[in-house]
S.K.: 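My structure is below; once you've seen it, I'll send some questions.
The basis for the numbers below is simple: all heavy atoms, side chains too, and nothing from hydrogens, waters or symmetry mates. Letters go in sequence order (proteins before strands), and every chain restarts at 1. All values reported here derive from a predicted model rather than from experimental measurement.
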Amino acid sequence: MNELSSAYDPKLTEDKIYKLWEDSGVFNPDNLKGAKKPYAIHLPPPNVTGSLHMGHALNATITDILIRYHRMRGYKAVWFPGTDHAGIATQSVVEKQLKKEGISRWDLGREKFVEKVWEWRNKYGSIILDQLKKLGVSADWSRLRFTMDPAYAEWVKKVFIHYYEKGWIYRGKRLVNWCTACQTALSDLEIEYKEEKGKLWHIKYPLADKSGFVVVATTRPETMLGDAAVAVNPKDRRYEKLVGKKVLLPIINREIPIIADDAIDMFFGTGAVKVTPAHDQLDSEIGQRHKLPAYELINERGKMTDEAGKDFTGLKIIQAREKVVAELEKLGLLEKTEDLTHNVAVCYRSGTVLEPLLSNQWFLKMEKLARGALKAVKSGKTKIVPENFEKPYFTWLENVRDWCISRQIWWGHQLPVWFHEPKCVPKDGHGGKDFDKCEETIVSTTEPECEYCDAKFLQSTDVLDTWFSSALWPFAGFDPKEEKGILKQFYPSSVLVTARDIINLWVARMIFSGLEFMKKAPFPEVLIHATILTKEGKRMSKSLGTGIDPVELIEKYGADATRFGIIWQAMGTQDIHWDETAVMAGKKFANKLWNIARFYQSKIGSPQPTAHSLRLENAEDKVIMEKLKNLQSAIDQNVKSYELGPGLHKIYEFIWHEVADKYIESAKNREDENVKLILNHLLLSCLKLLHPFMPFITEEIYQRLFAQDSRFLMVEQCS
RNA sequence: GCGCCCUUAGCUCAGUGGUAGAGCGUUUCAUUGACAUUGAAAAGGCCGCUGGUUCGAUCCCAGCAGGGCGCACCA
């Protein structure tokens with residue numbers, strides 16, 4: 001038992017202690033002898049787009065506290081870690097990196113590009129794991145998963161085929177949100193809105209009978225080339241007499257009808273709206289109601305098509321807009337131009353303005369799945385903590401549209417869909433027969449063979465929405481040899497710890513996937529934790545330079561201090577305005593604890609008999625023991641209701657101001673034996689209480705002062 | 001437009017139907033004592049505003065103002 005140095009140095013402790021834990025195998029529940037009741041949490045798999053930020057650190061710290069707390073209390077606790085391939089997000093960071101070298105993904109081709117992304121994921125995947133380990137995360141690394149592991153991929157295919165066979169997956173040409181930069185469709189949840197200053201052009205559409213004009217207001221004049229109607233509100237008196245008449249669409253010179261539709265807001269613009277069914281969500285709905293044709297003006301590259309007319313074909317959207325405006329001006333049909341600030345839909349990854357356009361995509365019918373997910377929460381089988389996050393969950397599920405699950409990117413799970421070659425290849429000796437019987441599309445885990453001819457099937461080049469695979473996280477991708485056993489023991493898991501921004505994107509989809517494939521919701525509780533913002537209340541982001549790297553804090557103050565600083569501020573679900581002084585307080589607190597241990601070492605030396613022999617004759621002994629008892633049950637209560645910040649504040653208060661400032665100060669003047677027993681009991685109890693929050697220093701002190709040898713870890717000493 | 005949340009010390013935040021609390025910062029004093037990453041103390045608050053309920057409101061209720069977030073709209 002070496003003497004403790006006068007100041008605690010996390011650098012001399014943390015790596016050594018982490019190795020001790022890893023070597024002991026206690027992170028793997030199979031090695032927890034005697035533990036019975038399962039306690040399981042799945043790490044929300046971080047995207048392999050880059051390194052972890054404070055949000056991950058908060059999530060990981062909360063989870064580690066819950067896991068360690070339960071492991072210490074005899075639960076068979078397991079934390080399943082892993083990472084997410086994060087389709088579009090990862091693809092786009094790799095593309096950006098390539099762009100710096102002047103290469104596009106098209107230059108490389110699909111196969112080589114995907115290799116590059118794998119290289120990226122290997123690099124960042126391991127950086128992420130190192131970061132988690134530095135924080136002290138006690139996850140079961142022997143069961144690390146990645147959402148593109150072979151076993152995971154098998155599940156993804158199985159799930160797709162299951163839905164397909166139920167008739168819930170269909171392919172259709174629908175209006176989707178198209179990102180011209182990422183060259184892919186996006187789901188409704190992948191849209192973000194950006195406020196932008198634009199213009200509102202008022203355009204005169206001449207009535208076909210030459211009796212006057214209808215003025216429409218638009219922010220996108222170029223789409224007039226694809227107008228199929230002008231719509232007004234049926235209650236709008238101004239246009240009452242015009243409904244049913246026709247206008248002559250300028251430039252294109254197409255006669256289009258004036259129709260009445262309830263969706264039109266009488267008070268915006270002129271109350272008359274140009275309807276472009278192929279390039280606007282609302283217009284598309286109006287188009288369907290009124291059976292209007294959809295003229296596809298804009299292609300997937302964001303350029304005008306032939307349909308836009310000779311003068312416009314091939315122009316970029318902005319060029320087409322300028323040209324249309326110029327033409328209208330020339331024709332004297334531009335009434336006026338107003339400035340307007342409005343929100344434009346942008347891609348959540350590239351920030352590019354999204355184009356609504358018609359595209360062949362695969363959709364998953366949401367009706368029944370959404371109903372199940374709604375019921376799970378409404379019935380209380382799955383609780384969202386705190387409750388107020390239930391409302392947005394309900395609202396989304398109640399109004400959800402079918403989920404566009406196909407993406408035109410290269411990084412991800414290719415759809416298990418196979419298309420017959422365009423032409424049949426006669427089988428030897430059987431030429432020319434039965435070709436029309438060939439299946440055009442087959443859904444299958446493996447490459448199918450045509451029954452009727454020798455043509456090959458080509459796999460769909462689309463990949464699945466990344467959330468289609470993350471939705472399976474609570475049950476997919478385990479080693480097939482032990483999958484059954486793991487799911488039997490640890491499905492459903494005990495709680496899901498996550499951030500509010502992915503409640504619908506991820507949590508809702510895990511719930512309905514779990515219900516569909518495991519017949520049970522994947523977790524009884526969803527803990528929604530705070531979001532960490534800058535001190536000024538701004539979003540932390542790498543690109544804005546407002547991000548903080550948890551590893552820098554760990555280097556500077558130590559992992560325990562970092563965890564302390566995070567949890568110290570995590571008082572509820574209120575956003576955290578990050579304050580580094582809390583981490584400094586953590587560092588000081590670690591040193592305080594260390595010096596309590598030094599005092600113990602110098603005054604008492606060796607471990608004392610345990611609490612059974614305590615006699616409480618002295619008043620201050622009674623008081624401190626009473627306070628300890630109260631603290632212990634308060635912490636149990638706090639952890640149970642996920643109030644980790646308040647719990648930590650109480651432990652801090654007790655250790656610093658009760659144990660150190662009061663009890664130890666008075667103990668200095670005492671010579672009796674009882675004070676040694678009490679101090680022994682106090683220090684050990686404090687280590688146990690604090691261990692889930694600050695695992696390194698507590699383990700280090702425990703190893704130095706209490707453990708008989710290094711096979712004895714805090715984890716096994718605290719039930 | 002609909003919904004949720006926030007407003008308490010200089011800063012970041014707790015908290016309770018009955019003298020208002022922490023961390024950091026500030027000021028004063030102490031000093032080699034387990035710890036200067038220390039101890040003792042102090043200053044600093046119409047607990048956003050206006051009404052209501054109550055013997056009593058920072059807390060409960062209503063309204064207002066300011067800030068944040070989500071959803072919808074954004075022609």
S.K.: Going by the angle between their ring planes, with limits at 30° and 60°, are Y702(A) and F706(A) parallel, tilted or perpendicular?
M.R.: parallel

S.K.: Under 4.0 Å, counting only non-hydrogen atoms across every strand here, what does A660(A) touch: a base, just sugar-phosphate, or nothing?
M.R.: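 Base, at least one base atom sits under 4.0 Å.
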
S.K.: Ignoring hydrogens and angles, are the base of C4(B) and the side chain of K391(A) linked by a donor-acceptor pair under 3.5 Å?
M.R.: no

S.K.: Counting only Watson-Crick or G-U wobble pairs whose two distances fall under 3.5 Å, which nucleotide matches A22(B)?
M.R.: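 Across all strands, the one nucleotide that pairs with A22(B) is U12(B).
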
S.K.: In whole angstrom, what separates K538(A)'s NZ from G67(B)'s P?
M.R.: 13 Å

S.K.: By the 4.0 Å heavy-atom rule, please label A582(A) as base, sugar-phosphate, or nothing.
M.R.: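 If one applies the 4.0 Å heavy-atom cut-off, A582(A) turns out to touch nothing in the nucleic acid.
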
S.K.: How close or far is atom C1' of U38(B) from atom NZ of K668(A), stated in whole angstroms?
M.R.: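 Value for this atom pair: 10 Å.
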
S.K.: Taking any heavy-atom pair under 4.0 Å as a contact, classify W201(A): base, sugar-phosphate, or nothing.
M.R.: nothing

S.K.: Would you mind pulling out the nucleotide paired to C29(B), Watson-Crick or G-U wobble, both distances under 3.5 Å?
M.R.: G39(B)

S.K.: Please state how far atom CD1 in I532(A) lies from atom P in G68(B), giving the value in whole angstrom units.
M.R.: 20 Å

S.K.: Is there a donor and acceptor pair closer than 3.5 Å between the side chain of E665(A) and the base of A34(B)?
M.R.: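 Present.
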
S.K.: Between P on C74(B) and NZ on K274(A), what's the gap in Å once rounded to a whole number?
M.R.: 13 Å

S.K.: Considering every strand and a 4.0 Å limit on heavy-atom distances, what is the contact class for W568(A): base, sugar-phosphate, or nothing?
M.R.: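 The residue W568(A) makes sugar-phosphate contact but no base contact.
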
S.K.: Identify the nucleotide, in any strand shown, that forms a Watson-Crick or G-U wobble pair with G70(B), with both distances under 3.5 Å; if there is none, say none.
M.R.: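 By the stated definition (distances under 3.5 Å), C2(B) pairs with G70(B).
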
S.K.: Using both distances under 3.5 Å as the test, list the Watson-Crick or G-U wobble partner of A62(B), or none.
M.R.: U50(B)

S.K.: Which part of the nucleic acid, if any, lies within reach of D501(A) when heavy atoms closer than 4.0 Å are counted: base, sugar-phosphate only, or nothing?
M.R.: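 Contact class for D501(A): none.
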
